[in-house]
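So that the names make sense, note that chain A is the first sequence line, chain B the second, and so on, each numbered from 1.
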Amino acid sequence: MAQPAPNNSIFDGLNESQRRAVTSAADTVAILAGPGSGKTQTLTARVVWLIDHVGYHPQDIVVATFTVKAAREMKERIGKSLGDGRETKIILGTFHSIARRYLAAYGRLIGLNEKFGIADDSDSRAIIVRICKRLQLQVDPAHARAWISKKKAKGTEMPSRVVKKEPKKTPQLEELETCYREYQKHLESSNLLDYDDLLVRCAELLRKFPACVSNIQAVLVDEYQDTNGIQYDLMKLFAQQHRRITIVGDPDQSIYGWRSAEIGNLWKLLREFRATEEVSLEQNYRSSEFILNLSLQVIEQDTKRYKKSLKPVHNKGTRPVLRRLISPDAEADWIISEIRRIIMMSGSMITHNDVAILIRSAYLSRHIESSLGKAGISYRMVGGLKFYERAEIKTIIDYLRVIHQPENNDALARILNVPRRGVGDITIRGLLEEAETSGMSVWRRISQVDGPNDTPIGLVQIIEQLLSSLDFQRHLQTVHPEDHEQRWANVQEFVALAGDFVKELELKGDESLPEIEGIEQAKEVDVLPRFLANVALATDAQTGDDDQDSKPRVTISTIHAAKGLEWPVVFVPAVYDGSIPHSRSDDIDEERRLLYVAMTRAQSLLYLSYPVRPSSEANQNNEMSPFVSSISRSFAEKGPCLDRHVMKEIAKVLGRELPSDEKIFGALPPGFSTEDNLFPVDPEHVRGLQWDGQGDVFNGPRAKRPRIHGPGMGKAAEEERPWQKDYLTTMEQASKFTISNLPGFISASAHQAALVAANAAAEAKRKEERAQKLRLPQQKSIMAFVKTGSEPAPPPAALASAGQTAPAGNAFSKKSSPGFQQLVAKQPQPVIQPDLASHKLGPKKMPTRPTVGHSTNDGSKGKAYPCFSSSPPRPDSEQNGNGISEAADDDEDDGPPPQPTRAAACLHATTCTTVPKGLGSSVFRRPAGLGRDSITPIEKLKKPFKPLTINKPGRGGKM
DNA sequence: TGGTACTCTGGGCTT
DNA sequence: CAGAGTACCA
């Protein structure tokens, strides 16, 4: 990483072993790359070499990475080297996203419904919890989930182990298997694949239909030590035509064993591919010698480890620190004081951007965040709560998922009562149970709504329509009175994100798989499913790259999310037994590697620390992590002296210029402590002193700690100022999407679904209102409604045709969910079971309020329940001479379409080359601070998102 | 009494 | 932020 990037020649700046790895003519190449050895650069160069020198077509190369971030970075780098945009043809992404692409294109070959959705973690968990409850299984759902995932991740090509283990059938095992079966059944009926399924099914596909990958010349895998069994299978399957594989990895950095990563995959590869050329990259370009040596001392405690060394190219540097503090709060305060000292003593050669605080568990950030906040230091949080996991965003996503897949009971269940509709958990659970036992989707039970006609619509419009029909802003205001502005801003950011996604889709075009003769590909036309897939697969770990124009920020990150990154200054707090190694960990070696990874992120200054007590008033003690206790004497017990000599060495490692002494010392405020002496080195000895958990004990009770203002932070950044949000979380960092393709509109059917869903929501709301106002006895709950179907004053017309197949010509007959499902599936399925058809759910009384989404259209002809039908899938072209249908036909160039509708013709790729009207700035309400005009969408995505200012009127938008 | 809404607490890393 | 437990409503 520290090496200069090659511009002209890919060989520039490569050392000998790197060059050997890049240009190896062996079919299989295993590159063992220690931390900071330039592995990404090497892999990138090899890809370029394969294309430019060997002559493979970009579209015949698969590059699989482990994280979205790595994929993005790799693509960028390859793009820079190739310089002509060919990198977009490379099949490059995470294993999961590549698998998804293949399944979307060829899934039907193995009987997969192409409209499959992706079950994320919470989905899986919820499903399994319900199964366990329903079947009264004794197993712990979390355990069951892990067990199932492991089973899937194992892969199929391990006959030796698999065969051996089976025979023992404990009752517990049986329960697990039952759970597994039920779980798969549920996923299938919801047309969902979980993360593991993506890999498993893709492997199945490639095994049965090798032709899909017959074009593949070479397969390259990054972070190979993190691959699990199924990914190993997948790698081989991708390469089955020519068996050319390049892997890069470092067994010492394998930290995903809990996710079934198998270090053994390396030996497996070497065994299976005898002619593999092995190349070790041992030169470390990142860290000072001291840091490397101590890191090695940690990792070498693992006796089973494959021995390899790290050769420093940099100077010795300063001794890493192992600091003991009295409490977590003191630890946080000490970190801050040390950050200040470093910045001041470097004359701002080092800024906040150069500092990372790497934590074992996300919740450890609490103390640190609040201390940073109090000190007025801005920071970004990586790997914490993700954007898509925020409640308000999740809700919208769940709505979108229901729109895409009405049969997704889980998503539906989560939104049924959000915004509040007076439907409680019990009811929802009841519905789910019923659905599960009867195998029928909840949607069918509760939905029969008036949907307007088939009006195509863009992704953004769908979301906006949802927002307005749900009155989402008000919902936020009532449910989260304190921070609804922030949440609403998040929602708007989400809208902007969706818009950017659509735009990028148009701009970048094609990430589709290369055509292969003889096999037909399903083209992904709809935006919505891909948007959702992106959301599900995006982890959005944010890199430490400094955003130029925003102010310098300290990075707080989990160690896992920090892999592959580096910082001049690294703090690793909470290095105590129970945190590292984590108390719940079952693999102590992996915990050690985790610490090793954390330590090797540091270039110049490395600080470990731990609080000797879990909190200020606790009386039990934390024990120092066993990983460092035996070598604790190799650490310094407090921060190094940062004199000119030391700083110069640091400057050399970082390749920076150190300001003059005059400058540095001139900027020091009076009373500034140039040493790390504000906190006692042995905190337990001052226990008798009055310790308030905050201040400085070392210089006597209540001694005033000299406060320093960070340079460049203006003058008095005093600690008394009201705390205000001055940090970024990963999520706020707009995600960068990996997959893009094709036209900017979702299909008519999806749109249809949108409206239906929105209407369902509105309907449910009305129900609630009615329930509250009328308090009809039968309607205590939605349950009564659903179960009995009794409803006040059902319009006869509605009842009459409910569940009946309407004549095709009557597009405006009523819709019931079976018909709706057919529409969504776009293929005739015999979904209407006779008993269901006769099962009449009471239509709702139509309120006076206009139907969602068709205020501008009169197609409903004033009928209260205009579109209640179970008509078969409608052909793409409308058949009835209704005004709206015309619009749906071919008027792409017409004047502004009636908002918010959009012509169905937009489905055609050719019509989507222009930015759709309606996606213009008027639609985007970007939160303040997010760059607007001058930046390209992609760049924009990289900009941190700044929250709205508090005073901004919360109701700027629509209601 | 059945059902919904509210308060509290406790956390493992992530595709 | 979810799950459990409690308070409040018909």
Check nucleotides 2-6 of chain C against the protein and report each pair of N or O atoms closer than 3.5 Å, with its distance, or say if there are none.
residue, atom, partner, partner atom, Å
C:dA2, OP1, A:K394, NZ, 3.1

message: Counting only side-chain heavy atoms from C-beta out, which of B:dC13, B:dG11, C:dC1 sits nearest to A:H560?
response: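 Nucleotide nearest to A:H560's side chain: B:dC13.
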
message: What's the closest nucleotide to the side chain of A:Y363 if the choices are B:dT14, B:dG11, C:dC1?
response: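 Per side-chain heavy atoms of A:Y363, the pick is B:dG11.
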
query: Is a donor-acceptor contact shorter than 3.5 angstrom present between the side chain of A:R259 and the base of B:dC13?
result: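 There is none.
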
NA contact type, [X], heavy-atom cut-off 4.0 Å: base, sugar-phosphate, or nothing?
X: A:R593; result: nothing
X: A:F95; result: nothing
X: A:S583; result: nothing
X: A:E223; result: nothing
X: A:D121; result: base

statement: Contacts of A:L205 meeting side chain to side chain contact (heavy atoms under 4.5 Å, CB included) (sequence neighbours excluded), chain-then-number -> A:Y102, A:L103, A:Y106, A:L109, A:I110, A:F209, A:C212

- prompt: Do other residues, nucleotides or ligands put more than 12 heavy atoms under 6.0 Å from A:E188 CD?
  reply: no

Atom pairs under 3.5 Å, N or O on each side, protein against nucleotides 5-9 of chain B: can you list them with distances?
residue, atom, partner, partner atom, Å
B:dC6, OP2, A:R420, NH1, 2.8

Return the value, rounded to whole Å, for the distance between atom [atom1] of [X] and atom [atom2] of [N].
X: A:Y195; N: B:dC13; atom1: OH; atom2: C1'; value: 14 Å
X: A:D398; N: C:dC1; atom1: CG; atom2: P; value: 12 Å
X: A:I118; N: B:dT14; atom1: CD1; atom2: C1'; value: 15 Å
X: A:K69; N: B:dC13; atom1: NZ; atom2: C1'; value: 13 Å
X: A:L198; N: B:dT14; atom1: CG; atom2: C1'; value: 14 Å
X: A:I397; N: C:dC1; atom1: CD1; atom2: P; value: 12 Å
X: A:H480; N: C:dC1; atom1: NE2; atom2: C1'; value: 11 Å
X: A:H582; N: B:dG10; atom1: NE2; atom2: C1'; value: 12 Å

query: Would you say a side-chain N or O of A:T67 is under 4.0 Å from OP1 or OP2 of B:dT14?
result: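 Negative; the distance criterion is not met.
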
Could you list the residues that satisfy ring-ring contact (aromatic ring centres under 6.0 Å, His included) with [X], not counting sequence neighbours?
X: A:H475; answer: A:F472
X: A:F95; answer: none
X: A:Y183; answer: none

Can you sort out the partners of [X] under salt bridge (Lys or Arg N to Asp or Glu O under 4.0 Å), two or more places apart, ordered by chain and number?
X: A:E223; answer: A:K39, A:K563
X: A:E204; answer: A:R201, A:K208
X: A:R305; answer: A:D252

- prompt: Ring of A:W258 versus six-membered ring of B:dC13: centres under 5.5 Å and planes under 30°?
  reply: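 Stacking is present between B:dC13 and A:W258, given that their ring centres fall under 5.5 Å apart and the planes under 30°.
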
message: Please give me the minimum heavy-atom distance between A:E591 and A:I580, naming the atom from each residue.
response: O-CG2, 3.9 Å

- prompt: Out of A:L364, A:V572, A:I559, which residue meets the side-chain contact (heavy atoms from CB on, under 4.5 Å) rule with A:I359?
  reply: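 Output: one option passes, namely A:L364.
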
